[in-house]
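First comes the structure, then the notes that go with it.
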Number of protein chains: 2
Amino acid sequence: MNLDDDLQSCVVHFGEMSGHWGFNRTVGQMLALLIFNEAPLNADQISDMLNISRGNVSMGLKELQSWQLIRTQPVKDDRKTYFTAMGDIWELSMQIAIQRRKREIEPTLTMLRKQMMSPNTQENSYINNKMKESLELLEMVDQSLQQIQHLEPEQIKTLLKLGGQVTKVLELKDKFFKKG
Amino acid sequence: MNLDDDLQSCVVHFGEMSGHWGFNRTVGQMLALLIFNEAPLNADQISDMLNISRGNVSMGLKELQSWQLIRTQPVKDDRKTYFTAMGDIWELSMQIAIQRRKREIEPTLTMLRKQMMSPNTQENSYINNKMKESLELLEMVDQSLQQIQHLEPEQIKTLLKLGGQVTKVLELKDKFFKKG
DNA sequence: TTGAGTTTTCAGAAATTTCTGAAAATATAG
DNA sequence: CTATATTTTCAGAAATTTCTGAAAACTCAA
């Protein structure tokens with residue numbers, strides 16, 4: 001079983017990058033396959049195409065479903081379960097962003113808040129101030145992300161395009177909020 | 001050697017989270033220690049405080065320096081090298097963001113561009129369109145990040161505060177760009 | 001029911017990452 | 001220089017993560 005060149009590149013690259021995106025090599029490859037292959041695929045096909053054991057494919061599919069990145073797609077006259085990526089690249093990226101916010105930001109936020117509450121924490125110690133500083137930053141980032149995640153893809157696109165001219169946005173904000 | 005409660009929490013938590021931030025557990029703990037401990041520390045102290053071998057500390061410090069997250073701090077009448085975090089939480093976070101953009105976005109961007117160039121890639125195939133879509137998204141994100149990274153911390157703070165009211169920004173943008 | 005087709009599970013194997021500690025290298029005071 | 005203090009290196013140990021494959025569980029048409 002040979003993947004054609006483009007697909008091969010994507011699969012291999014996604015595999016290498018997958019650590020960064022939050023899952024392991026084979027899971028990354030499976031995701032790439034389901035994104036870049038037009039037709040839905042069943043577990044045996046994936047196992048063949050990627051040379052991964054059937055069991056591993058089963059586990060990987062489960063993980064990708066838990067991330068809500070893939071979904072099943074019935075195929076007529078076939079009892080096997082077929083899978084395909086959930087939505088387009090934008091929707092998938094947003095889904096990953098949502099999950100990463102949960103895994104990478106929320107726990108630290110929780111820990112910092114708990115620690116700040118704790119009675120044995122003394123006000124105005126060096127460490128306490130650092131923790132406050134961290135909390136402030138993290139809360140801002142978190143709020144921004146959460147708000148963005150509730151927008152329509154179209155609005156996010158607009159925002160990102162603006163992002164390319166961040167300084168303009170800042171000027172704009174000055175004009176609007178300082179004066180008016 | 002006992003760390004006090006707050007420091008202990010931060011160190012342990014940073015250790016657990018460190019995978020997400022791009023380094024391993026002990027490196028994460030070392031970073032936490034150098035951020036939340038006011039006084040600079042030498043390698044032996046770190047080794048003691050965290051129960052990590054001297055060799056591992058040496059490697060960890062090297063890694064944190066390569067990320068530009070810590071710097072040396074001479075201490076009078078002591079030949080040992082002391083280390084401390086490089087700047088405040090904001091600066092450190094920005095530094096991590098810069099490095100992560102390089103590691104997590106740039107390589108994929110490069111791969112997609114190369115693949116689109118390649119002569120055997122056929123125009124308008126399903127996969128080619130998907131790759132275009134990915135490239136477009138990634139380029140937008142990348143541009144935004146790069147621009148933000150060139151701003152002063154103060155401006156970034158402003159931007160993040162705006163981020164909390166993303167919809168306002170969008171309205172603002174409409175008013176300003178559509179009409180005027 | 002039954003039994004062939006399909007999927008999941010999970011114990012242990014394999015691969016990878018991280019860590020140790022002792023030896024080598026480097027730095028500096030005297 | 002020399003002796004001592006300090007840091008780095010890196011081979012192999014330990015820990016962790018990932019993967020396999022065979023057995024168990026599940027599904028469904030007949």
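Below, chain A is the first sequence line, B the second, and so on; all start at residue 1.
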### Query
5' to 3' on DNA chain D, which nucleotides open and close the contacts with chain A (atom under 4.0 Å from a heavy atom)?
D:dT18 to D:dC28
### Query
Can A:E106 and A:K102 be said to form a salt bridge (Lys or Arg N to Asp or Glu O under 4.0 Å), step by step?
CA-CA 5 Å; A:E106 244 176 25; A:K102 270 205 203 110; over 6 Å; no
Is a donor on one side and an acceptor on the other found under 3.5 Å between the side chain of [X] and the backbone of [Y]?
{"X": "A:Q73", "Y": "A:T84", "result": "no"}
{"X": "A:T72", "Y": "A:T81", "result": "no"}
{"X": "B:E91", "Y": "B:D88", "result": "yes"}
{"X": "B:S118", "Y": "B:K114", "result": "no"}
{"X": "A:S58", "Y": "A:R54", "result": "no"}

### Message
Without decimals, in angstroms, what is the distance between B:R79 CZ and C:dT26 C1'?
### Response
10 Å
#### Entry: A:L41 CG - C:dT7 P separation (whole Å)
13 Å
#### Entry: Touch class at under 4.0 angstrom, heavy-atom based, for A:N24 against every strand present
sugar-phosphate
### Message
Over all strands shown, is A:R54 touching base, sugar-phosphate only, or nothing at heavy-atom distances under 4.0 angstrom?
### Response
base
## Note on the structure
Between B:G28 and B:F14 the two heavy atoms that sit nearest each other are O-CB, 3.6 Å
### Query
Want to settle it: does A:G55 or A:K80 sit nearer the 5' end of DNA chain C, counting the closest nucleotide to each?
A:K80
## Note on the structure
Of B:N42 and B:R25, the one whose nearest nucleotide on DNA chain D sits closer to the 5' end is B:N42
### Task
Please list, by residue number, the residues of residues 61-69 of chain A whose heavy atoms come closer than 4.0 Å to an atom of DNA chain C; answer none if no residue qualifies.
A:K62
### Query
With respect to the phosphate group of C:dT6, does any side-chain polar atom (N or O) of A:T81 fall under 4.0 Å of OP1 or OP2?
no
### Query
Restricting to pairs with a member in residues 9-22 of chain B, which pass side-chain hydrogen bond (donor to acceptor under 3.5 Å, both in side chains), not counting sequence neighbours?
A:T108-B:H13, A:Q115-B:S9
